[in-house]
J.: 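Below is one structure. I have some questions about it.
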Amino acid sequence: MDITENSGDKAGGAWIFGYGSLVWRPDFPFIEKRVAAIKGWERRFWQGSTDHRGVPGAPGRVVTLIKSAGALCHGMAYRVEGAVYEDVMATLDHREKGGYSLISLTLTYDGSTVEDPGAPEALVYIATEGNPNYLGPATLDHIAAQVRRSWGPSGHNVEYVTRLAEALRHMNAHDDHVFALEHLVLAE
Ligand code: SIN
């Protein structure tokens, strides 16, 4: 199927870009998936999770995106058909309700830094500073300790880190932040 500009509606469907749990556990119907990246963004374990990998009062840490000039964040892009678009978005809005909002970003497939006017837009869940569960920067040691002691309704926080790292390796995608954190959480 040709990649077309995402209109993000019932008629045209949409591309959805996942960079966290959506990489390894999309759990929604799609007609195509591709390893993709977004330019100018970096993945960080700066979002607190009280509904998936932690509980209220003891949040786990999950990923969000921060702007970073020249960076490339790899993930998985999924093409969702118009017929199921509204149902998929309702399910994902519920799943990502712990502080994420939806933005539209341009995908790249070859990591090129050259602007491609034909590149498709994708919907991306991002947790920005100011959402109630936002935790922000911390040392990797601090993040690792928090991940090691956290669990929630979706499972242990360590599993979130290791599944993401495994999925990125499988895609031949490198992410220093994720791989260094994986090393730390598995070190004990
Ligand atoms: C995503 O995977 O794209 C959003 C964050 C998450 O659900 O882990």
Side-chain angles (χ1 to χ4, degrees), residues 3 6 8 14-28 30 32-49 51-54 59-80 88-89 91-113 116 119-129 131 133-138 140 143 147 152 154-155 157-182 185:
I3 298 170
N6 163 53
W15 282 94
I16 295 169
F17 177 78
Y19 58 94
S21 68
L22 293 177
V23 174
W24 83 85
R25 192 173 65 82
D27 255 4
F28 59 80
F30 53 85
E32 183 183 358
K33 74 172 182 178
R34 285 187 178 203
V35 174
I38 45 177
K39 280 183 266 181
W41 295 87
E42 268 179 331
R43 186 173 8 233
R44 286 289 181 272
F45 275 82
W46 289 4
Q47 173 65 5
S49 174
D51 58 351
H52 285 294
R53 302 290 171 169
R61 279 203 178 236
V62 291
V63 286
T64 186
L65 295 170
I66 56 158
K67 277 192 178 160
S68 175
L72 201 58
C73 177
H74 285 91
M76 193 63 81
Y78 305 91
R79 174 92 178 144
V80 170
V88 166
M89 294 320 293
T91 303
L92 288 179
D93 284 352
H94 180 76
R95 169 171 163 175
E96 305 294 336
K97 68 183 184 314
Y100 290 87
S101 37
L102 208 49
I103 59 171
S104 190
L105 294 174
T106 304
L107 293 179
T108 179
Y109 293 101
D110 60 358
S112 162
T113 50
D116 172 2
E121 294 286 304
L123 298 172
V124 184
Y125 285 93
I126 182 171
T128 55
E129 204 175 331
N131 83 76
N133 291 321
Y134 188 77
L135 294 175
L140 266 187
I143 295 175
V147 165
S154 296
N157 206 171
V158 168
E159 187 206 15
Y160 181 103
V161 174
T162 56
R163 295 288 296 271
L164 178 57
E166 279 164 20
L168 291 174
R169 266 194 298 275
H170 193 66
M171 289 155 41
N172 283 326
H174 192 81
D175 188 316
D176 282 339
H177 180 73
V178 175
F179 292 165
L181 183 61
E182 179 198 33
V185 299

J.: So which atom in Trp41 and which in Cys73 form the shortest heavy-atom distance, rounded to 0.1 Å?
T.: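 Shortest heavy-atom separation between Trp41 and Cys73 comes out as O-CB, 3.3 Å.
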J.: Looking at every heavy atom in both Val23 and Ala167, which two are closest together, and how far apart are they?
T.: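 Of all heavy-atom pairs spanning Val23 and Ala167, the closest is CG1-CB, 3.7 Å.
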J.: How close do Pro26 and Arg95 get, counting heavy atoms only, and between which atoms?
T.: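 Shortest heavy-atom contact: O-NH1, 3.0 Å.
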J.: So do Thr91 and Met89 actually touch side chain to side chain, heavy atoms under 4.5 Å?
T.: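 Contact flag for Met89/Thr91 side chains = no.
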J.: Is the Tyr160 ring parallel, tilted or perpendicular to the Phe45 ring (thresholds 30°, 60°)?
T.: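 The arrangement is perpendicular - the two ring planes meet at more than 60°.
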J.: Any heavy-atom pair between the side chains of His174 and Leu168 that's under 4.5 Å?
T.: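 No. Closest side-chain heavy atoms not under 4.5 Å.
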J.: A side-chain contact here means heavy atoms from C-beta on lying under 4.5 Å apart; do Ser104 and Phe17 qualify?
T.: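 Side chain of Ser104 against side chain of Phe17, heavy atoms only: no contact under 4.5 Å found.
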J.: So Arg169 and Phe179, do their side chains get closer than 4.5 Å, heavy atoms only?
T.: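 Side chain of Phe179 against side chain of Arg169, heavy atoms only: contact under 4.5 Å found.
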J.: Do Glu96 and Ser21 touch side chain to side chain, with heavy atoms closer than 4.5 Å?
T.: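 Sidechains of Ser21 and Glu96: in contact.
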J.: Using the ring centroid of each side chain, check whether Phe30 and Trp15 are separated by less than 6.0 Å.
T.: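 No: the rings miss the under 6.0 Å criterion.
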J.: Within the 4.5 Å heavy-atom criterion, are Thr106 and Lys39 side-chain neighbours or not?
T.: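 A side-chain contact is absent here, since even the closest heavy-atom pair is not under 4.5 Å.
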J.: Please evaluate residues Ile16 and Val88 with respect to the criterion side-chain contact (heavy atoms from CB on, under 4.5 Å), reporting the C-alpha separation (whole Å), side-chain torsions for both, the decisive distance (0.1 Å), and the verdict.
T.: CA-CA 10 Å; Ile16 295 169; Val88 166; 4.0 Å; yes
J.: For the residue pair Tyr125 and Tyr19, is the inter-centroid distance of their aromatic rings smaller than 6.0 Å?
T.: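 They do not qualify: ring centres at least 6.0 Å apart.
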J.: Looking at Ala77, is its backbone amide N or carbonyl O close enough to the side chain of Glu32 to form a donor-acceptor pair, meaning the two atoms are under 3.5 Å apart?
T.: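 Here the side-chain-to-backbone pair does not exist.
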J.: Which heavy-atom pair separates Ala180 from Leu140 by the least distance, and what is that distance?
T.: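 Ala180 and Leu140 have their closest heavy atoms at CB-CD1, 3.5 Å.
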J.: Quick check: do Val63 and His177 have side-chain heavy atoms less than 4.5 Å from each other?
T.: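 Result no, sub-4.5 Å side-chain heavy-atom pair not found.
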J.: Give the C-alpha distance, both sets of side-chain angles, the deciding distance and a yes or no for side chain to side chain donor-acceptor pair (under 3.5 Å) between Glu182 and Thr162.
T.: CA-CA 6 Å; Glu182 179 198 33; Thr162 56; over 6 Å; no
J.: Is a side-chain N or O of Asp175 found less than 3.5 angstrom from the main chain of Arg43, in a donor-acceptor match?
T.: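 Not at all, since once roles are kept as given, no pair shorter than 3.5 Å links the two residues.
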J.: Regarding Glu159 and Arg53, does a basic nitrogen lie under 4.0 Å from an acidic carboxylate oxygen?
T.: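 Looking at Glu159 and Arg53, the cut-off is met.
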J.: So is Arg34 actually on top of Tyr78's ring, under 6.0 Å and inside 45° of the axis?
T.: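 Pair Arg34/Tyr78 does not count as cation-pi.
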J.: Can you tell me how far apart CD1 (Ile103) and OG1 (Thr128) are? Round to the nearest 0.5 Å.
T.: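 These two atoms lie 9.0 Å from each other.
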J.: Is there a side chain to side chain donor-acceptor pair (under 3.5 Å) between Glu42 and Ser68 once you walk through the steps?
T.: CA-CA 6 Å; Glu42 268 179 331; Ser68 175; 3.2 Å; yes
J.: For Ile38 and Thr108, work out which heavy atoms get closest and say how close.
T.: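 Nearest pair, atom of Ile38 first, then Thr108: N-CG2, 4.4 Å.
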J.: Any donor and acceptor pair, going by atom type alone, linking the side chain of Asn157 with main-chain N or O of Gly60 inside 3.5 Å?
T.: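 The answer is no, because no donor-acceptor pair under 3.5 Å joins these two groups.
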J.: If we only count heavy atoms from C-beta on, is the Leu123 to Leu92 side-chain gap below 4.5 Å?
T.: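 Of all side-chain heavy-atom pairs linking Leu92 with Leu123, none is under 4.5 Å.
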J.: Donor-acceptor pair, distance only, cut-off 3.5 Å: does the side chain of His74 make one with the backbone of Ala36?
T.: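 Not confirmed, His74 side chain does not pair with Ala36 backbone.
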J.: Which heavy atom of Ala127 sits nearest a heavy atom of Thr64, and at what distance?
T.: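 Heavy atoms only, the tightest pair is O-OG1, 2.7 Å.
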